[in-house]
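A short write-up of the structure that comes next.
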Amino acid sequence: MNSNVLAPALQIRNSDCECDLDAVTALMRELSYPTTKNVMRERIQASENNPKLCTMVAELDGKVVGMIALNQVKSYARSDTATQVSALIVSNEHRGQGIGKRLIRSAEEWGKNQGSQILFLTSGNRVERAPAHAFYEHIGFEKIGYQFVRRLK
C-alpha cells in the first residue's frame, strides 16, 4: 500500500473567526502570549475586514495546528512595501514537519499579491526563542538589526 494515501492532508487557508477562534487562542497561549477569546476575536475580525491584514491557519486533517498573522506596511526609510509577520505559531506537537515553512510560503504569496517586495518579522531575544531564530535563518531570513521598544504612557 502506498503510504502517501494515508499521509495527513495539510491545508493553509484564511482563518474564519467562528471556526478558528478557540484554536488560534490556544496557539497564542501555547507561546505564552497572554490573550483572551474576546481579544483574539477582535484581531481575527480585523484581519477579515482589512485588506492590509491577513490571518491564515494551517489545518491538518481538520485540526488547526498553526497560524500566521500578516500586516502590510509602508516604510518611510525604504521605498519597498513590506509584509510583516506579526505572529507565526505551530503547535509544539507538530513542529519540525514543514508546517511553519508552508505558512511562510503562503505569507510570501499573500505579500506578493498585495504588492509587497519584502517579508519581515521581529522576534524577542529570549533564550527560549533560539530555535525559532534558527528556523527563520534556515528558511532564508537574514538577521539585519535590532528592535527597540518604548511604551507609550
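In terms of modelled atom types and a separation under 3.5 Å, the side chain of H133 and the main chain of N125 share no donor-acceptor contact. Under a 3.5 Å cut-off, the side chain of D16 and the backbone N or O of C19 do form a donor-acceptor pair. For the pair N49 (side chain) and Q45 (backbone), a donor-acceptor distance under 3.5 Å is present. Formation of a donor-acceptor pair under 3.5 Å by the D80 side chain with backbone atoms of A82 is not found in this model. A donor-acceptor pair under 3.5 Å links the side-chain atoms of S15 to the main chain of T55, judged by distance alone. Formation of a donor-acceptor pair under 3.5 Å by the Q117 side chain with backbone atoms of G115 is found in this model. Remark: side-chain polar atoms of K74 are paired, donor with acceptor, to backbone N or O of S79 under 3.5 angstrom. A donor-acceptor contact shorter than 3.5 Å links the side chain of R95 to the backbone of V90. Side chain of Q72 to backbone of Q114: a donor-acceptor contact under 3.5 angstrom is found.
K143 has no carboxylate O lying under 4.0 Å from a charged side-chain N of E137, or vice versa, which leaves the two without a salt bridge.
Side-chain contact between L103 and L88 is present, with at least one heavy-atom pair separated by less than 4.5 Å. Residues I118 and T83 form no side-chain contact, since every pair of their non-hydrogen atoms from C-beta on lies 4.5 Å or further apart. Between F141 and L119, some side-chain heavy-atom pair lies under the 4.5 Å cut-off. Side chains of I89 and V24 form no contact here, defined as non-hydrogen atoms less than 4.5 Å apart. Using a 4.5 Å cut-off on side-chain heavy atoms (C-beta onward), R105 and W110 make no contact. Taking the side chain as every heavy atom from C-beta outward, E59 and R13 approach each other to under 4.5 Å.
Two different hydrophobic clusters hold L53 and M40 under the rule that ILVMFWY side chains link at heavy-atom gaps under 4.5 Å. Note on F135: it clusters hydrophobically with V85, by side-chain heavy-atom contacts below 4.5 Å among ILVMFWY residues.
In this structure, A23 and V64 approach most closely via the heavy-atom pair CB-CB, 3.6 Å. Of all non-hydrogen atoms in L70 and S86, the two that sit nearest each other are N-OG, 4.2 Å. Of all non-hydrogen atoms in I139 and I104, the two that sit nearest each other are CD1-CG1, 3.7 Å. When all heavy atoms are compared, the tightest approach of I68 to A107 is CD1-CB, 3.7 Å. Here the shortest heavy-atom pairing between E48 and C17 reads OE2-N, 2.9 Å.
Identified under the side chain to side chain donor-acceptor pair (under 3.5 Å) test for residues 25-37, with sequence neighbours left out: D22-K37, E30-N92.
Taking CD of Q11 as the reference point, atom OG of S106 lies at 10.0 Å (rounded to 0.5 Å). For the atom pair CZ (R43) and CG (L21), the distance works out to 11.5 Å, reported to the nearest 0.5 Å. Expressed to the nearest 0.5 Å, how far CG of N14 lies from SG of C54 amounts to 4.5 Å.
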inquiry  = I'd like to know whether Y136 forms a side chain to side chain contact (heavy atoms under 4.5 Å, CB included) with R129, so could you lay out the CA-CA distance, the side-chain angles of the two residues, the decisive distance to 0.1 Å, and finally the verdict.
reply    = CA-CA 11 Å; Y136 301 144; R129 300 297 296 147; 3.4 Å; yes
For Q84 and L121, run side chain to side chain contact (heavy atoms under 4.5 Å, CB included): C-alpha distance rounded to whole Å, both residues' side-chain angles, the deciding distance at 0.1 Å, then the answer.
CA-CA 6 Å; Q84 177 184 13; L121 56 85; 5.7 Å; no
